[in-house]
Protein chains: 2
Amino acid sequence: MATVSNQELKQVLREHEMKATSQRIALLKLLNNTSEHYDAEEIYIELRKLQKTVSRATVYRSLETLVEQQLVSKLDFGEGRMRYENRQERDEHHDHLICERCGKVIEFFNLEMEAQQLAVCEKHDFLPSTHTMHIFGTCIECRATNPN
Amino acid sequence: MATVSNQELKQVLREHEMKATSQRIALLKLLNNTSEHYDAEEIYIELRKLQKTVSRATVYRSLETLVEQQLVSKLDFGEGRMRYENRQERDEHHDHLICERCGKVIEFFNLEMEAQQLAVCEKHDFLPSTHTMHIFGTCIECRATNPN
DNA sequence: GTGTAAATGAGAATCATTCTTATCTTTAAG
DNA sequence: CTTAAAGATAAGAATGATTCTCATTTACAC
C-alpha cells in the first residue's frame with residue numbers, strides 16, 4: 001500500500017471541489033493507509049493521536065462529503081454505527097462476510113451475483129445506485145476454536 | 001392474510017419459551033396483520049392506539065426477543081433506525097429494493113443469487129447464518145415523475 | 001390461590017450523530 | 001505578499017434511537 005503524499009491528497013480533494021484542509025488530508029491519508037474499517041470515533045481518536053486538532057463534528061462532516069464524492073464508502077455491519085473504508089484506487093466493488101463471533105470482515109466479489117442483482121433491478125424497472133450485501137455467520141477460525 | 005387468534009399467538013409465544021403477555025400478543029398480531037415495515041416508534045404508537053398499555057422499553061425488549069426467536073426480522077434500510085417485519089409463515093426469505101426518493105420497499109427473491117451466496121461462503125469456509133441484501137436506487141414511478 | 005421468576009412502565013442514561021455559533025483557513029484576486 | 005469572502009472548523013449543546021434501572025405487576029407452575 002503506497003503512502004500518498006500530502007500534495008497528492010490536496011490534489012484529490014480539489015478535484016472533488018473540497019477545500020484541502022489539514023483535517024481532511026489527515027483523514028484521507030489515514031483511510032488510505034489502512035485496510036481497517038474504522039468507525040467515526042476511531043478515526044477521531046487516530047487523528048488526535050497524530051497530533052491533529054480535529055473535532056468529532058469535523059470527522060462526521062468530512063466523511064459525509066467524502067462519501068458523496070465517492071472517495072470513501074460508508075458501511076453498516078449492523079453494530080448501530082457506521083464504518084468507513086477508502087475507495088480510491090479500488091477498481092472493484094466488493095461485499096462482506098462478517099463473523100458474528102470475532103467481528104472479522106472478509107471481503108469478496110462475485111460477478112455472477114452482481115449480474116443477478118442487475119437482472120432483479122431490470123425485472124422491477126428499478127434503477128440501482130448502490131447496494132449492500134452482507135453475509136453474517138461464523139468464520140473458520142472461530143469454528144475451529146469452538147465448533148458449537 | 002388470515003388474522004390469527006390470540007389463542008394461537010399465545011401458543012406461538014409459548015413454543016418459543018416466551019411468556020404470553022398481552023403486550024407481546026398485541027405486538028405479534030400487529031406485525032402479523034400488516035405488510036408494512038414498522039419501526040419501533042411506529043409499533044409503540046400503533047399499540048397505544050389499540051388501547052394497549054405498553055412502554056417503549058417493552059416494545060424494544062419484545063422485538064429483540066422475537067428476533068432472536070426468528071419470529072420477526074430486523075431490517076436496516078439505512079435510515080438510522082431499525083424496521084421490523086413478521087416472519088411467521090413466510091416460507092421464503094426475501095431481499096429488498098429500496099427507492100431513495102420515495103422510500104418504497106420492493107421485496108424480491110432470486111434463487112440464483114442465494115446459490116451464489118452459498119458458493120461464496122463455501123469458498124471462504126464461512127458458515128452463514130443470515131444475510132442482508134439491499135439494493136438502493138430509484139423506482140419506476142419516481143423516474144416517471146422526474147427522470148432527472 | 002400462591003410464590004417466584006419473568007416482564008413491564010416510566011423515565012433516566014447512553015451512544016452515535018447532527019446542529020449551532022463564534023472563530024479560523026483556504027484560496028482567488030489584487 | 002495582503003485581503004476578503006466563502007467555506008471549514010472546534011467545542012459543546014441538542015437530538016433521536018435505543019438501552020438501562022428499578023420498583024411494581026403479571027404469568028403460570030404448583
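Protein chains get the first letters and strands the later ones, always in sequence-line order, with residue 1 at the start of each.
- In this structure, the ring pair (Phe, Tyr, Trp, His ring centres under 6.0 Å) partners of B:His96, at least two apart in sequence or on a different chain, are B:His37, B:Phe77, B:His94, B:His134.
- For the residue pair A:Ser129 / B:Glu100, a side-chain donor-acceptor distance below 3.5 Å is found, with atom types taken as modelled.
- Within the model, atoms CG of B:Leu66 and NE2 of B:His16 stand 9.0 Å from one another, a figure rounded to the nearest 0.5 Å.
- In this structure, CZ of A:Arg81 is placed 19 Å from P of D:dA17, rounded to the nearest angstrom.
- Within a heavy-atom distance below 4.0 Å of DNA chain C, the residues of residues 52-67 of chain A found are A:Ala57, A:Tyr60, A:Arg61.
- Atom CD of A:Glu79 and atom P of C:dT14 are 21 Å apart (whole Å).
- Looking only at distances, a side-chain donor or acceptor of B:Thr65 sits under 3.5 Å from a matching main-chain atom of B:Arg61.
- No hydrogens or angles considered: nothing links the side chains of A:Gln7 and A:Gln11 as a donor-acceptor pair under 3.5 Å.
- Salt bridge present: A:Glu46 and A:Lys49 bring a charged side-chain N and a carboxylate O closer than 4.0 Å.
- If you take CD of B:Glu42 and C1' of D:dA17, they are 13 Å apart, rounded to a whole angstrom.
- In this structure, B:Gln23 reaches the sugar-phosphate backbone alone: every heavy-atom distance under 4.0 Å involves primed, P, OP1 or OP2 atoms, never a base.
- Within 4.0 Å of A:Arg83, counting heavy atoms only, lies no atom of the nucleic acid at all.
- Classification of A:Glu36 and A:Arg83 as a salt-bridged pair fails, no side-chain N sitting under 4.0 Å from a carboxylate O.
- Rounded to a whole Å, the CG atom of A:Leu47 is 14 Å from the P atom of D:dA11.
- Between A:Lys74 and A:Glu85, no side-chain nitrogen of the basic residue sits less than 4.0 Å from a carboxylate oxygen of the acidic one, so the salt-bridge criterion is not met.
- Per the geometry, NE2 belonging to B:His16 stands 15 Å off P belonging to C:dA7, to the nearest Å.
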Could you go over nucleotides 25-30 of chain D and give all protein N or O partners under 3.5 Å, atom names and distances?
unit_1: D:dC28; atom_1: OP1; unit_2: B:Arg14; atom_2: NE; d: 3.0
unit_1: D:dC28; atom_1: OP1; unit_2: B:Ala20; atom_2: N; d: 3.1
unit_1: D:dC28; atom_1: OP2; unit_2: B:Arg14; atom_2: NH2; d: 2.7

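- Remark on DNA chain C: of its neighbouring residues B:Glu17 and B:Tyr44, the 5'-side contact belongs to B:Glu17, judged by nearest-heavy-atom nucleotide.
- Taking atom CZ of A:Arg24 as the reference point, atom P of C:dT27 lies 10 Å away to the nearest angstrom.
- Salt bridge status for A:Glu141 with A:Lys104: present, with a side-chain N to carboxylate O gap under 4.0 Å.
- Residue A:Met82 contributes atom CE, which lies 14 Å from atom C1' of C:dC15 at whole-angstrom precision.
- The CG atom of A:Leu27 sits 11 Å away from the P atom of D:dA10 (whole-angstrom rounding).
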